[in-house]
Structure formats: C-alpha cells, structure tokens
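In listed order, ligands and their atoms are each counted from 1.
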Amino acid sequence: MKKVNLIVPCYNEAEALPLFKDELNKVIQTLDQYTFEILLINDGSTDTTLSVMKEICDTDSHYKYISFSRNFGKEAAMYAGFCNSDGDYAAIMDADMQDPPALLPDMLHCLETEDYDSVATRRVSRIGEPKIRSFFARNFYKLINKISDADVVDGARDFRLMKREMVDSIVAMCEYNRFSKGIFGWIGFKTKWLEYENVNRIAGETKWSFWGLFKYAVDGIINFSETPMSLASGLGIFLTIFSFLMVIFIIIRKEIFGDPVAGWPSLACIIIFIAGLQFLCMGIMGKYIAKTYLEVKNRPHYIVSETNKDHVDPIH
Ligand code: UDP
Ligand code: MG
C-alpha cells in the first residue's frame, strides 16, 4: 500500500484543528487503498493547540505531532514536515480548511493515472479577502515572474501533492531563507494545476498582517532574483554619465557664453536627490548582504521541543 504524508503547519489553530480533523478523516476513509500519516507541526502556538494535537494523536494513530520550541514561521514548519516524511506522496495542508481535503481523491487519482510529478492547487477567486491585499498579491505575482527565475503562479496555494522525488529535492534545498512558492517552481518537475474557488477560514484568524505579507513578498523577490541589485547598479551608471554630461554643459555655458549656473537651491536639490538614491541602493545591497549573513551563519531551521514521532532530528 502506498503511503501518503499530510503536513499540517499549525500556529494557534486550537479552534480549527478538531474541525479539520473530522473533515479530513471523512475523506481519508474513502481512500482505503492508501495509508495516511498526518504530521501536525505545532509552530510555537501560544494557545492550547499543542494539547488539542496530543488529544488527536491519542485517539487516532494516523496522526503524529512535532512541536517547535518557539514560532519559527510557516516555512520552517513546512520544511520540518518534508524532512520528517517518508511516504510515497506528501502534501502540505493548512489547518483552517482553506485547502479543502475534498480535493485529495482527485489529486491522488491524477498522480496515479497521469504522467505528473505533482498536483498543485490555485485559487481562481479571492472572495472574502480584503481588496487591498488582493491588489498587492496580484501585482506581486506579476512582478516576481518578470524579474526572477522562479515560476510562481498567481493564486497558487502551498497545498500540493508531490511524489517522493520532488519531496527529496525540496529537502535538499536547505537554504535558511525559505520561500516555498519559489522553491516549488525552481525545482521543476511536471505539475498539474487544479483550480478552485477561495474558501474562507473555518475558525480563528489569519496569521498574516499586511506588513508581514509585504516582508514575505520582498523576501521572495530577494531570494529568487538579482534584478533589484542590477537596477541599483544601472541607476548608479546612469547618474554618473548624466552628472558628467552636466559638468561639460556647465563648463561650456560658462566659458563660451559667460553664464555660470546661479543659485544654491538647485544644487541642494540635486545633492539631496542623489543622496536619497544612494541610500536606497545601499539598502537594496544591504538586504542581499543581510540574507547572505543569515545563510552563512548556518543556524538550524527549527528546534523541536516535543514529538511523538520516531527518528525526528530535534535540531535541524
Ligand atoms: N502558520 C504557521 N506558522 C506561522 C503562521 C501560520 O504554521 O507563523 C500556519 C497556520 O496555522 C495555517 C497556515 O500556516 O495552518 C496558513 O496560515 P493562515 O491561514 O494564517 O494564512 P492565510 O491562509 O491567511 O494566507
Ligand atoms: Mg488560511
């Protein structure tokens, strides 16, 4: 029998988890040709998520939990899931039912019968989401696809079912600054896309603030694109040539027409403008250096404080 790992990152999901479990179990019962192992990753929740997880694991042997020593973020939770899965297939699923378990049978059927390595899902609508968030999300996808070598699909969820080879490739990408949407695209393989209408969170609240999402988007671009850095140096070259031409222009005006450029305000404006650009470019370079710094420090992605699963690396 083939084994399927479902990886569920949970951060303060005490309300949603029992509902998720009931819904998922209904679907799993119809798929008795597979064995399922569901990995609940407690990402340093501050509510009763961990005790809810333990209760679920006590009553249902399909479920295992891994609990982090603090909140390491969804990316670290997903990585922990991939590193500790050994099934033929693995999928990430959110605990809030925004990744409908009802899609699982179709996804499994597709991997079994068609020549694909993964089945991914994308939302075709963003109903229920704040308008401003949708606007920025849409433009972020357009931008990152234009300037990076990662193929990121608009509306793509992290919910995708993958074959073992793909999971192994993801585990091998052990970078500290993780941007899974980019990683999934970067590693390649043949992916089939399933589309569905957005589903609202069943209980609890989203963990993403606008600022959090903005930082995540910047991280994604920095991780998969050198374009901001190239733009910064391009701007530097342009301004150097421009100022050189200005100098020649001023000398000619003074020497031939006896008309020196008057007034300090124009000068002050130019200095402030150039200084501003310099700081901006330095900031962009700084972002890359900071990422490199974090990467070379080689810190663990996550630290496990408690688990009921065998062979879990406590520090990874
Ligand atoms: N999550 C996590 N760690 C975090 C933030 C979120 O494990 O630091 C989990 C969360 O519990 C949920 C999933 O990641 O299962 C998606 O989070 P959320 O629903 O808040 O994001 P949204 O669906 O609004 O993008
Ligand atoms: Mg959600």
Practice task
Specify side chain, backbone, both or neither for Q98, according to which of its non-hydrogen atoms lie closer than 4.0 Å to ligand 1.
Solution key: side chain
Problem - Residue E23 excluded, over 12 heavy atoms near CD under 6.0 Å - result: yes
Handout entry: Heavy atoms of other groups near E112 CD, more than 12 under 6.0 Å
Key = yes
Practice task
Verify the neighbour count for atom CG of D115: are there more than 12 heavy atoms of other residues, nucleotides or ligands below 6.0 Å?
Solution key: no
Fill in the blank from the handout: Under 4.0 Å from one or more heavy atoms of D43, ligand 1 contributes atoms 2 (C), 3 (N), 4 (C), 7 (O), 8 (O)
Handout entry: ligand 1 to A77 polar contact by distance, N or O atoms, under 3.5 Å
Key = no
Practice task
With R299 as the cation and Y176 as the aromatic partner, state whether NZ or CZ is under 6.0 Å from the six-membered ring centre and within 45° of the axis.
Solution key: no
Exercise for the section: With heavy atoms under 4.0 Å as the rule, classify the contact between D94 and ligand 1 as side chain, backbone, both or neither. Expected result: both
Problem - Modelled atom types, side-chain donor and acceptor of N177 and E295, under 3.5 Å - result: yes
Practice task
Can you label the angle between the F140 ring and the F179 ring as parallel, tilted or perpendicular, going by 30° and 60°?
Solution key: perpendicular
Completion exercise
Check: of N198, D96, V199, L213, min heavy-atom distance to atom 19 (O) of ligand 1 comes from D96
Problem - Proximity winner for atom 18 (P) of ligand 1, if only heavy atoms of R201, M78, M93, R157 are counted - result: R201
Exercise for the section: Answer side chain, backbone, both or neither: which part of C10 comes under 4.0 Å from ligand 1, heavy atoms only. Expected result: backbone
Exercise for the section: Classify the angle between the aromatic ring planes of F184 and F82 as parallel (below 30°), tilted (30 to 60°) or perpendicular (above 60°). Expected result: perpendicular
Exercise for the section: May I ask whether R133 has any heavy atom positioned less than 4.0 angstrom from an atom of ligand 1? Expected result: yes
Fill in the blank from the handout: Logged contact type for N71 with ligand 1, heavy-atom cut-off 4.0 Å, is side chain
Exercise for the section: Please confirm whether K2 makes a cation-pi placement over Y34, using NZ or CZ under 6.0 Å from the six-membered ring centre and within 45° of the ring normal. Expected result: no
Handout entry: Atoms of ligand 1, numbered as shown, that sit under 4.0 Å from any heavy atom of A95
Key = 15 (O)
Problem - Ring-ring centroid check F36 H62, cutoff 6.0 Å - result: no
Exercise for the section: Around the Mg ion (ligand 2), list the protein N/O/S atoms within a radius below 2.8 Å, excluding water molecules. Expected result: D96 OD2, Q98 OE1
Exercise for the section: Give the contacting part of K74 toward ligand 1: side chain, backbone, both or neither, where contact means a heavy-atom distance below 4.0 Å. Expected result: both
Exercise for the section: Report yes if E205 has an N/O atom closer than 3.5 Å to an N/O atom of ligand 1; otherwise report no. Expected result: no
Handout entry: Lys/Arg cation over aromatic F72: R70, 6.0 Å, 45° cone
Key = yes
Handout entry: Partner set under ring-ring contact (aromatic ring centres under 6.0 Å, His included) for F135, not counting sequence neighbours
Key = none
Handout entry: Atom CD of Q33 with >12 non-hydrogen neighbours under 6.0 angstrom
Key = yes
